[in-house]
Amino acid sequence: MKKKNHKYIFVIGGVMSGVGKGIAASSIGKILQSKGFNVNAIKVDPYLNADAGTMNPTEHGEVYVLNSGLECDQDMGNYERFMDLDMKSEDYVTSGMVYKYVIEKERSLGYKGKCVEAIPHITDEITRRIHKAADLNSSDISLIEIGGTVGDYQNILFIEAARTINLRYPGDVLFILVSYLPVPGTIGEMKTKPTQNAVHQLNSYGVQANIIIARGPVALDHKRKEKIAIWCNVKSDCVISAPDIESIYDVPINFEKDKIGDIILNELNLKPKTKKDGLAPWKAFVHSTKNTKDDLNIAVVGKYFDTGDFVLSDAYISIIEAIKFSCYSLEVNPRLTWLSSKSFEDNPEKVDELKSFDGVIVPGGFGETGIEGKIKVIQHCRENKIPYFGLCYGMQLAIIEYARNVLGLKDANTLEINPSSKNLVIDIMPDQKKKLEDGNYGGSMRLGAYKAVLKKDTIAFEVYGENKISERHRHRYEVNPKYIERLEEAGMVFSGVSPDRTLMEIVELPRDMHPFFLGTQFHPEFLARPLKPHPLFTEFIRVAAHKPKPRLKSESKNSSKKRKKRR
Ligand code: GLN
C-alpha cells in the first residue's frame with residue numbers, strides 16, 4: 001500500500017522512440033536525489049518476454065544484469081549509473097512478468113473463480129508491483145518510465161494503471177511526456193504538431209501530461225513553447241526545452257538550468273530537503289569529461305554490431321560507459337573503435353591493425369560466430385604486449401588461446417563450440433548441464449552478484465585494494481578445473497576465485513610477462529559508475545595510457561602512520 005505522501009512520477013514517450021526518454025528520466029531522478037529525496041526508479045517494458053535475457057543483443061541492445069541476477073533492459077544501467085543505485089528485481093516490470101504472474105495465480109484459484117481480465121486484473125498487478133517496489137526501496141518518490149511511445153497498443157495497460165493511481169491519489173502523481181519536435185529539412189522550422197497529437201492521444205486515455213520535455217535537434221523557442229503550452233494544456237514553465245547535446249551526462253545540469261527540479265517539486269507540493277548543491281559532485285564529473293588531455297585508442301572486438309545498414313554499439317553500452325569513466329578519471333579521452341571479430345577470420349593480416357591501438361577489449365558473447373577471430377586477436381595482444389582486457393567470453397577465449405599456443409594443446413576449446421575437442425579447457429558448469437538438456441534457457445545462467453576472493457601480490461588484489469569482492473555474472477561455462485595446474489605452471493595466475501575455490505573468476509599474466517593481460521569471468525562493466533570508476537577498467541586504461549601508478553591504499557596508510565609517529 002502507498003505510504004502517506006509518497007509521490008509517483010510517470011515518464012511517458014511521445015511521437016517516437018529513441019529520443020532519450022530513459023536518459024531524461026534518469027536525469028530527473030538524479031536531480032531529485034540532489035534535492036535530498038530518496039528516489040526509486042522503475043522501468044516497465046511492454047514486451048511479453050518475462051525478462052530480457054533471451055533477447056538477441058543486436059536487436060534489443062545490451063542485456064543488463066542486476067545484483068539479484070535479473071536480466072533486464074539496458075535502461076536499467078542508465079538508472080544505476082546516473083543515480084548510483086543498486087536496483088532490485090522489483091524495479092523492473094515487463095508485460096510478460098505481469099501476465100505470467102496473473103495466469104499462474106488464476107491457475108491456482110488465486111482469483112477465487114472470477115473471470116480474469118486485462119482490466120482490472122493486469123492493471124491491478126502492475127499497480128501492486130509499483131507499490132511493492134516503492135516499499136522495498138523505502139523511497140519518497142517513485143520514478144516510473146513506461147517503455148514505448150503513446151499510441152502503441154502494447155503499453156496501454158501500463159498507462160491505464162498509471163491513470164488509476166492518479167485517480168486514487170490526486171496531487172501525488174505527475175505525468176511527464178518526453179516528446180520530439182522535428183525540424184524537417186525541407187521546411188527548416190521546428191514543428192509542434194506531432195507533440196500536440198501525442199498529448200491528445202494521451203488525453204484520450206484519461207491522462208494529462210503535467211510537464212512536457214521537448215526533445216529536438218535545437219532548443220525550443222519562446223513562440224513554440226507558448227504554442228505547446230496552450231494546445232497541450234500545460235503551464236508554459238512546464239514545457240522544458242531539451243535540445244541535442246554532446247554528452248548524456250550533461251543532461252541533469254542542462255535540465256537544472258531550466259529549474260526542472262523545482263518545477264517538479266512545486267507540482268508535487270514538495271520543498272527541497274536540502275539547501276546544498278547536491279549536484280556538485282556530478283558537475284565535477286561532467287567537468288572531467290570535458291578536460292581530457294590525450295586521446296586513447298581502444299578497440300572493442302565483438303560481434304553484436306550490425307543491424308541492416310547500420311552499426312550499433314548498443315549491445316556494449318555498459319562497457320563503453322565503464323571505459324569512459326576510467327578514462328575521464330585519468331584525464332584521457334577515449335576513442336573507441338568497433339572491430340568485427342569475423343573480419344579477423346576472413347583476413348588474417350588484419351591483426352597488424354591492432355598495433356595502432358593502445359588497448360584491446362574482447363567483451364562477453366555467446367556461440368561460435370567470430371570466435372576464431374577473437375582468439376587470433378588475443379594471441380596478437382599477448383605476443384605483442386598490447387594491453388588486453390577480456391570480459392567473460394573474453395576471459396574464456398584468453399584461456400583457450402593460452403592453452404593452444406603456450407601449452408601446445410592445439411585443439412583446446414570450449415564445450416559451447418566444440419564438444420568433441422579432447423581439450424575442453426572451458427567446460428559447462430555442473431549445475432548448468434541439466435538446464436540445457438531440459439531446454440531451460442530463460443534466466444537460468446549463473447546470474448548476478450557472487451563473491452570472489454583475491455590472491456595477494458596480483459594485479460587484481462593491488463587494484464581492488466582488498467581481498468574480497470562481489471561482481472555480477474552471466475555465464476554457463478567455466479575454466480575446466482582439470483587444466484588449472486598446467487595453466488598456472490605455464491605462467492597464468494588465477495588471481496580471483498570463488499570463495500569455495502572451485503570457480504576461476506580472474507585470470508592474469510604477471511606484469512613481468514605482459515603489461516596488462518587480464519580476464520574476468522564476471523562483468524565488471526555493470527558496477528562502473530561515473531563517480532566510482534571500476535578499478536580493473538581504470539588499471540587497464542592506466543597501463544594503456546602509460547600513466548604512472550597511483551599510490552596504493554596500503555602504502556598511503558603506512559606512510560601516514562609513519563608521518564604521525566614522526567610528529
Ligand atoms: N558464452 C559464455 C558462457 O556462457 C560467456 C558468456 C558471456 O560472455 N556473458 O559462459
Side-chain angles (χ1 to χ4, degrees), residues 23 57 61-62 74 77-78 81 244-251 285-307 310-344 347 349-365 370 373-374 376-378 380-382 384-391 394 514-519 523-525 528-531 533-548 550:
I23 299 297
E62 173 182 87
Q74 62 185 34
N78 286 326
R81 287 187 284 268
D244 289 346
I245 42 175
E246 207 185 312
S247 152
I248 54 171
Y249 298 110
D250 296 341
V251 176
F285 160 69
V286 170
H287 180 78
S288 76
T289 68
K290 301 187 192 311
N291 282 279
T292 53
K293 296 195 174 100
D294 305 313
D295 285 349
L296 190 74
N297 290 306
I298 302 291
V300 180
V301 184
K303 66 172 182 178
Y304 303 119
F305 301 131
D306 308 327
T307 65
F310 299 92
V311 175
L312 289 182
S313 49
D314 257 23
Y316 302 112
I317 186 86
S318 293
I319 297 173
I320 301 171
E321 302 311 304
I323 294 172
K324 285 188 197 164
F325 305 151
S326 290
C327 279
Y328 299 145
S329 76
L330 292 166
E331 299 182 332
V332 292
N333 177 39
R335 290 174 63 98
L336 299 179
T337 304
W338 310 108
L339 300 175
S340 158
S341 47
K342 197 114 192 29
S343 62
F344 291 93
N347 175 9
E349 260 99 77
K350 199 175 153 73
V351 286
D352 285 337
E353 284 176 25
L354 295 171
K355 294 208 169 68
S356 57
F357 293 99
D358 301 301
V360 173
I361 289 185
V362 171
K374 287 185 183 175
K376 278 203 182 83
V377 167
I378 297 169
H380 189 85
C381 290
R382 185 177 56 77
N384 293 282
K385 307 222 185 310
I386 300 171
Y388 172 74
F389 194 12
L391 310 174
H514 195 287
F516 188 95
F517 188 92
L518 186 144
H523 291 267
E525 66 272 22
R529 306 277 162 91
L531 299 163
H534 193 285
L536 288 177
F537 274 95
T538 306
E539 181 61 5
F540 165 66
I541 299 294
R542 184 191 72 74
V543 174
H546 304 287
K547 295 263 176 185

>> Side chains of F344 and L354, heavy atoms from C-beta outward: is any pair under 4.5 Å?
In response: yes
>> When you measure from the side chain of D358 to the backbone of I298, do you find a donor-acceptor pair of N or O atoms at a distance under 3.5 Å?
In response: no
> Does a side-chain heavy-atom distance below 4.5 Å link I323 with L296?
Replying inline: no
>> Restricting to non-hydrogen atoms, name the atom on V286 and the atom on Y249 that form the minimum distance, rounded to 0.1 Å.
In response: CG2-O, 3.3 Å
>> As an exercise, state the distance from SG of C327 to CG of D294, rounded to the nearest 0.5 Å.
In response: 11.0 Å
>> Distance check, rounded to the nearest 0.5 Å: C381 atom SG versus K355 atom NZ?
In response: 10.5 Å
> For the residue pair F325 and F285, does the interplanar ring angle fall in the parallel (under 30°), tilted (30 to 60°) or perpendicular (over 60°) class?
Replying inline: perpendicular
> Roughly how far apart are I541 CD1 and Y328 OH, rounded to 0.5 Å?
Replying inline: 11.0 Å
>> Could you report the tightest heavy-atom contact between P387 and V543, atom names first, then the distance?
In response: CG-CG1, 4.2 Å
> Do you know the tightest heavy-atom contact between A528 and R81?
Replying inline: O-CG, 3.7 Å
>> Could you go through H380 and I386, starting from their C-alpha distance and side-chain angles, then the distance that decides it, and tell me whether this counts as side-chain contact (heavy atoms from CB on, under 4.5 Å)?
In response: CA-CA 8 Å; H380 189 85; I386 300 171; 3.9 Å; yes
>> Among E62, E525, H523, which residue satisfies the side-chain hydrogen bond (donor to acceptor under 3.5 Å, both in side chains) criterion with S318?
In response: E62
> Any side-chain heavy-atom pair from I361 and Y316 closer than 4.5 angstrom?
Replying inline: no
>> Taking the side chain as everything from C-beta on, heavy atoms only, tell me whether V332 gets closer than 4.5 Å to K547.
In response: yes
> If only atom types and distance count, is the side chain of S341 paired as donor or acceptor with the main-chain N or O of G302 below 3.5 Å?
Replying inline: yes
> Looking at H534 and S326, what are the two nearest heavy atoms and their distance?
Replying inline: O-OG, 3.6 Å
> Can you tell me how far CG of L339 sits from CD of E353, rounded to the nearest 0.5 angstrom?
Replying inline: 7.0 Å
>> With rounding to the nearest 0.5 angstrom, report the NZ to CG distance, K290 to D250.
In response: 3.5 Å
>> To check you understand the geometry: which heavy-atom pair defines the closest contact between Y388 and G394, and what is its length?
In response: OH-O, 2.7 Å
>> Testing the basics here: between Q74 and G61, what is the closest heavy-atom pair and its distance to 0.1 Å?
In response: OE1-CA, 3.6 Å
> Do N291 side-chain atoms and H287 backbone N/O form a donor-acceptor pair below 3.5 Å?
Replying inline: yes
> Say you draw a straight line from CG of N384 to CZ of R382; how long is it, rounded to the nearest 0.5 Å?
Replying inline: 10.0 Å
